[in-house]
Number of protein chains: 2
Amino acid sequence: MISLVTDKEKISPRVIERLTRYLRCLENLSPDDYISSEEMAERMGLTAAQIRKDLSNFISDFGEGFGVRGKGYQVRILYSGIEKILGVHKTNNIIIIGAGRLGGALLAEPEFTKESFNVIGVFDVAEYKVGKEVNGIKIRHTSEIEYFLNTKDRVDIAILTVPKGVAQDIATTLIKAGVKSFLNFAPLKLEVPEDVVVSNIDLYGKLQELNYWKEKVNQW
Amino acid sequence: MISLVTDKEKISPRVIERLTRYLRCLENLSPDDYISSEEMAERMGLTAAQIRKDLSNFISDFGEGFGVRGKGYQVRILYSGIEKILGVHKTNNIIIIGAGRLGGALLAEPEFTKESFNVIGVFDVAEYKVGKEVNGIKIRHTSEIEYFLNTKDRVDIAILTVPKGVAQDIATTLIKAGVKSFLNFAPLKLEVPEDVVVSNIDLYGKLQELNYWKEKVNQW
DNA sequence: TAGATTGTTAATCGATTAACAATC
DNA sequence: TAGATTGTTAATCGATTAACAATC
């Protein structure tokens with residue numbers, strides 16, 4: 001199979017973030033249609049040059065660029081190409097630690113039920129939750145995590161929606177059991193070995209940022 | 001009162017995002033202690049130069065920079081200074097639209113109960129939820145939003161945790177009623193007038209990004 | 001073929017880092 | 001005073017934009 005990256009150049013996080021936004025832009029369009037970088041730029045509030053530059057970092061399964069000169073990008077090809085780059089064309093197994101808080105909400109999100117991400121386990125410390133089901137998945141006690149990881153399918157991503165105070169301990173346990181990537185909602189920097197990836201979402205922080213911008217709009 | 005911004009220079013979103021992280025770093029430290037940019041950088045995985053540069057964009061209430069040459073930054077002064085820059089030293093009123101999904105979870109988050117953000121209303125379309133309480137706040141029907149906005153306190157931020165399909169309509173209604181800023185969890189670009197600020201959180205997108213990085217780690 | 005739009009190179013812009021004089 | 005660390009300027013690095021030759 002042809003590699004999706006043209007060369008050994010590192011792709012910047014900015015580019016990857018925009019790829020996910022390109023998917024959002026494309027998902028409502030007819031797969032057979034062509035869309036120009038100009039049209040996409042218009043819809044997304046970006047420049048056409050940036051979109052073309054971003055996409056030029058990769059090559060399609062068919063060997064060359066995603067676009068067709070004079071026509072634009074075919075929605076189907078671009079969409080599935082980006083899915084492949086992101087690795088979301090295949091199923092990725094997820095566990096959620098912390099069923100009470102955000103965890104439960106995430107499980108209920110239709111987006112999270114999409115084919116590419118498959119929640120295979122939910123854990124919590126609260127005894128009264130253990131045994132109950134959320135969206136068809138039984139909540140297990142946190143102490144079972146290690147056993148679970150050793151006996152079940154590969155876990156690709158662990159989502160941490162636990163209180164700040166226990167996040168580091170739980171992460172450490174999971175890493176010992178072989179988990180290599182985390183989506184962390186606890187507002188602290190997890191200390192992890194360098195072969196482990198952590199992506200942080202600080203909801204309260206986002207709210208604080210927005211609070212700054214709302215005061216500044218139209219001030220300049 | 002002395003302005004917190006030294007001049008008319010625009011502050012970049014990157015800087016503001018880091019300010020919220022500086023708060024996380026500081027909140028566990030003794031207010032009377034001093035911390036150097038070097039120490040902060042170490043804890044956060046940044047460079048000391050960047051922290052000093054970021055902070056040099058602003059001046060404290062006492063007229064000059066936040067730091068003391070030879071000593072560092074006093075935790076108390078820096079923390080409350082950043083709070084003031086972000087406008088989170090005062091109470092900001094929030095409404096949440098969409099009680100079922102993320103909305104309920106956010107309400108339950110202890111972080112969101114902090115003094116600076118005060119949830120004054122929760123709305124949903126589902127009749128069976130209307131009238132119930134989440135965290136002491138009565139859920140109202142979406143159709144009451146306009147009336148609510150006209151009769152209640154000023155609403156500083158609206159959090160949208162509604163399905164993609166209705167997000168734009170609801171946002172438009174809210175804007176007509178005077179809401180000027182949104183934290184939007186629906187995965188689409190809201191069309192808003194230029195005096196309205198929108199901050200987007202795409203949780204599924206974040207998961208997709210992480211999925212890319214987990215495959216790439218240690219590859220270079 | 002003529003028109004349109006990509007892929008790519010070069011120019012610009014902005015953000016990070018390094019270095020150091022100012023000063024506590 | 002000597003040591004430490006800020007605040008700031010200049011140098012570097014990286015990301016965005018502009019421009020255009022390639023080509024469908």
Side-chain angles (χ1 to χ4, degrees), chain A residues 4-19 21-22 26 29 32-60 62-78 81-82 85 220, chain B residues 4-19 21-22 26 29 32-60 62-78 81-82 85 220:
Chain A
L4 280 160
V5 182
T6 47
D7 52 32
K8 299 283 149 44
E9 291 278 317
K10 263 191 185 142
I11 307 295
S12 94
R14 298 291 202 83
V15 174
I16 299 304
E17 192 264 339
R18 280 193 299 269
L19 289 186
R21 289 167 57 197
Y22 299 155
L26 295 168
L29 307 174
D32 291 325
D33 286 352
Y34 284 77
I35 188 168
S36 67
S37 55
E38 197 58 64
E39 168 81 16
M40 281 181 73
E42 171 85 18
R43 286 168 184 253
M44 303 182 64
L46 302 173
T47 66
Q50 181 164 64
I51 293 173
R52 294 201 300 277
K53 190 101 215 289
D54 283 351
L55 298 177
S56 74
N57 286 299
F58 310 96
I59 53 172
S60 77
F62 308 108
E64 277 308 307
F66 286 113
V68 180
R69 287 168 142 101
K71 294 186 78 176
Y73 301 89
Q74 195 188 4
V75 172
R76 186 201 316 287
I77 290 176
L78 186 53
I82 295 177
I85 293 163
W220 290 294
Chain B
L4 281 160
V5 182
T6 47
D7 51 31
K8 299 284 151 42
E9 290 278 315
K10 260 188 186 145
I11 306 296
S12 95
R14 299 291 203 81
V15 173
I16 299 304
E17 192 264 341
R18 281 194 297 269
L19 289 186
R21 291 168 56 199
Y22 298 156
L26 295 168
L29 307 175
D32 290 324
D33 285 352
Y34 284 77
I35 187 170
S36 68
S37 54
E38 197 58 65
E39 169 80 16
M40 280 182 75
E42 171 84 19
R43 286 168 183 252
M44 303 184 63
L46 302 173
T47 65
Q50 182 164 64
I51 294 173
R52 293 200 301 274
K53 190 100 217 288
D54 283 351
L55 297 178
S56 74
N57 286 299
F58 310 96
I59 53 171
S60 78
F62 308 108
E64 274 310 306
F66 286 112
V68 179
R69 286 169 143 105
K71 294 187 79 177
Y73 302 90
Q74 195 189 4
V75 172
R76 186 201 316 285
I77 289 175
L78 185 52
I82 295 177
I85 294 164
W220 292 292

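Any value given below was found using the heavy atoms of this structure, including those in side chains, with hydrogens, waters and symmetry copies removed. Every chain is numbered from 1, with letters handed out A, B, ... down the list of sequences. Fair warning: this is a prediction, and the values are worked out from it, not measured in the lab.
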Problem set entry | Side-chain N or O of A:R52 closer than 4.0 Å to phosphate OP1/OP2 of D:dA18 | no
Seminar exercise, completed: Which of B:D33, B:V68, B:D32 passes side-chain contact (heavy atoms from CB on, under 4.5 Å) with B:Q74? Answer is B:D32
Problem set entry | Atom-pair distance (CZ on A:R14; P on D:dC13), nearest Å | 19 Å
Exercise. Between atom CD in A:Q50 and atom C1' in C:dT5, what is the gap in whole Å?
Worked result: 18 Å
For this session: Nearest-nucleotide wise, let me know which of A:K71 and A:V15 is further upstream toward the 5' end of DNA chain D.
Result: A:V15
Exercise. Dot-bracket for DNA chain D: what is it, with Watson-Crick or G-U pairs under 3.5 Å, [ ] where a pair crosses earlier ones, and | for a pair to another strand?
Worked result: ..||||||||||||||||||||||
For this session: Calculate the interatomic distance between B:M40 atom CE and D:dT6 atom C1'; express it in whole Å.
Result: 14 Å
Seminar exercise, completed: In this structure, OG1 of A:T47 is separated from CD of A:E38 (nearest 0.5 Å) by 9.0 Å
For this session: Take the protein atom CD of A:E39 and the nucleotide atom C1' of C:dT6, then report the distance between them rounded to whole Å.
Result: 16 Å
Problem set entry | Euclidean distance, A:R43 CZ relative to A:I51 CD1, rounded to 0.5 Å | 11.0 Å
Seminar exercise, completed: Rounded to the nearest 0.5 angstrom, the CD1-CZ distance for A:I82 and A:R21 is 12.0 Å
Problem set entry | A:T47 side chain near D:dT16 phosphate (N/O to OP1/OP2, under 4.0 Å) | no
For this session: Report the distance from atom NZ of A:K53 to atom P of C:dT9, rounded to the nearest whole Å.
Result: 9 Å
Exercise. How long is the gap from CG on A:L55 to CD1 on A:I85, to the nearest 0.5 Å?
Worked result: 7.5 Å
For this session: Look at the side chain of B:R69 against the base of D:dT5 and say whether a donor-acceptor pair falls under 3.5 Å; ignore hydrogens and angles.
Result: no
Exercise. Considering only side-chain heavy atoms of A:A49, which listed nucleotide, D:dT17, C:dA18, D:dC24, is closest?
Worked result: D:dT17
For this session: For B:I35 and D:dA4, give me the distance from atom CD1 to atom P, rounded to whole Å.
Result: 18 Å
Exercise. To the nearest angstrom, how far is A:D33 atom CG from C:dT5 atom P?
Worked result: 14 Å
Seminar exercise, completed: Here the distance between atom C1' of D:dA18 and atom CD of A:E38, to the nearest Å, is 13 Å
Exercise. So does A:S37 get a side-chain nitrogen or oxygen closer than 4.0 Å to the phosphate oxygens (OP1/OP2) of C:dT6?
Worked result: yes
Problem set entry | Inter-residue atom distance B:E42.CD - B:I35.CD1, 0.5 Å rounding | 10.5 Å
Problem set entry | Short side-chain N/O contact to D:dG7 OP1/OP2 from B:Y73, under 4.0 Å | yes
Exercise. Can you tell me how far the CE atom of A:M40 sits from the CG atom of A:L78, to the nearest 0.5 Å?
Worked result: 5.5 Å
